[in-house]
Amino acid sequence: MRAGSLQHSSIRVIRRADAATLGQAGADLVLETLAGRPAPVIGVATGSSPSPLYRELAAGGTDFSSATWFALDEYVGLAPGHAQSYVEVLRREIIEPLGLDPATMHVPDPHAEKLDEAGARYEQRIAAAGGIDLQILGIGRNGHLAFNEPGAALDSRTRLETLTEDTRRANQRFFDSLEDVPTHCLTQGLGTILEARQLLLIARGREKAEALARALTGPVTPECPASVLQLHGNVTVLADDAAASLLA
């Protein structure tokens, strides 16, 4: 599809008042989607938006031992074991609370000698697992999806990406200073994300409202990477009232 055009798509938007009710709605949807799948493959996002969902999944006590997990992205340039590396964030927020075997959680390798080859290997791992059944997503305030920044090709694959200044400033809250925020990452591409069987986007906060409205109602364009949601046939958006404030 050419950039700037619109496509009919199946996007269901669910609004909730606050993080707690949003998290419960997300957990219910995840369990409903994966019911009957003996060995589900789940894609996970980091960041503050999906955290309530993960807390509700942990509180529910569901056995996820048969699941395989794939992270959307990982910073490049942080030392192994750094508290803000996504390996460590996922350990704290998902692996330990859900009682998972760490070997079932796959993350792009930011320490590989050749990062382009690391991206290709990650694509191969996803394919070998049978593809992702449900991909959980967040959205950046500049419309990025995973770490696909504005300008990313709509058919892009897992690769090295340069983080924009806006994204780095948004993530500065997790670090001591802006200088500590990495400038690069490995991220699943937009084309990779579109191959998941179902997408679940979670958006929280007024600062996400404009990006969410552009993604769902604007043209499909690389300048708003999250607009590729319009090209997928099975998308659910969970948004709090603040994030959904610019939607009809």
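Judged as a side-chain hydrogen bond (donor to acceptor under 3.5 Å, both in side chains), and not counting sequence neighbours, Arg15 has no contacts. Shown here are the side-chain hydrogen bond (donor to acceptor under 3.5 Å, both in side chains) partners of Thr192, two or more places apart in sequence or in another chain: Glu123. With sequence neighbours excluded, the residues satisfying salt bridge (Lys or Arg N to Asp or Glu O under 4.0 Å) with Arg159 are Glu161. Legend: residues meeting side chain to side chain contact (heavy atoms under 4.5 Å, CB included) with Glu165, ordered by chain and number and at least two apart, are Arg168, Arg169, Leu178. For Asp18, the side chain to side chain contact (heavy atoms under 4.5 Å, CB included) partners are Ala20, Thr21, not counting sequence neighbours. Tyr122 is linked by a ring pair (Phe, Tyr, Trp, His ring centres under 6.0 Å) to Phe70, counting only residues two or more places apart in sequence or in another chain. Under the ring pair (Phe, Tyr, Trp, His ring centres under 6.0 Å) criterion, Phe147 pairs with Tyr75, His144, not counting sequence neighbours.
Put simply, Leu190 and Ile126 are part of two different groups of oily side chains (I, L, V, M, F, W, Y) that touch within less than 4.5 Å, one to the next. Leu199 and Ile132 are members of different hydrophobic clusters when ILVMFWY side chains are connected at heavy-atom separations under 4.5 Å. Ile95 and Leu72 end up in different hydrophobic clusters when Ile, Leu, Val, Met, Phe, Trp and Tyr side chains are linked at under 4.5 Å. Tyr54 is connected to Val107 through a chain of hydrophobic side-chain contacts under 4.5 Å among Ile, Leu, Val, Met, Phe, Trp and Tyr, so both are in one cluster.
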- Ile94 and Leu100: side-chain contact (heavy atoms from CB on, under 4.5 Å), yes or no, with the steps? CA-CA 8 Å; Ile94 299 180; Leu100 304 179; 3.8 Å; yes
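Within 6.0 Å of CG in Asp176 there are 12 or fewer heavy atoms belonging to other residues, nucleotides or ligands.
For Ser49 (side chain) and Gly138 (main-chain N/O), no donor-acceptor pair under 3.5 Å exists by modelled atom type. At distances below 3.5 Å, at least one donor-acceptor pair connects side-chain atoms of Ser227 with backbone N or O atoms of Thr221. The backbone N or O of Leu29 sits less than 3.5 Å from a side-chain atom of Thr33, completing a donor-acceptor pair. Checked by atom type and distance alone, the side chain of Ser51 pairs as donor or acceptor with a backbone atom of Gly47 at under 3.5 Å.
Judged purely by distance below 3.5 Å, without hydrogens or angles, the side chains of Thr164 and Thr167 pair a donor atom with an acceptor atom. In this structure, a donor-acceptor pair under 3.5 Å is present between the side chains of Asp180 and Ser177.
Contacts classified as salt bridge (Lys or Arg N to Asp or Glu O under 4.0 Å) and involving residues 63-83 (residues at least two apart or in different chains) are not found. Among pairs with a residue in residues 86-100, those fulfilling salt bridge (Lys or Arg N to Asp or Glu O under 4.0 Å) read Glu88-Arg91, Arg91-Glu96, at least two apart in sequence or across chains. For residues 125-142, the set of pairs meeting the salt bridge (Lys or Arg N to Asp or Glu O under 4.0 Å) definition, not counting sequence neighbours, comprises Arg37-Asp133, Asp133-Arg197, Arg141-Asp166. Sorted by first and then second residue, the side-chain hydrogen bond (donor to acceptor under 3.5 Å, both in side chains) pairs involving residues 204-216 (not counting sequence neighbours) form an empty list.
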Please tabulate, for side-chain N and O atoms in residues 237-248, each donor-acceptor pair with protein atoms closer than 3.5 Å (sequence neighbours left out).
unit_1, atom_1, unit_2, atom_2, d
Asp240, OD1, Gly205, N, 3.2
Asp240, OD1, Ala242, N, 3.3
Asp240, OD1, Ala243, N, 2.8
Asp240, OD2, Gly205, N, 3.1
Ser245, OG, Ala242, O, 2.8

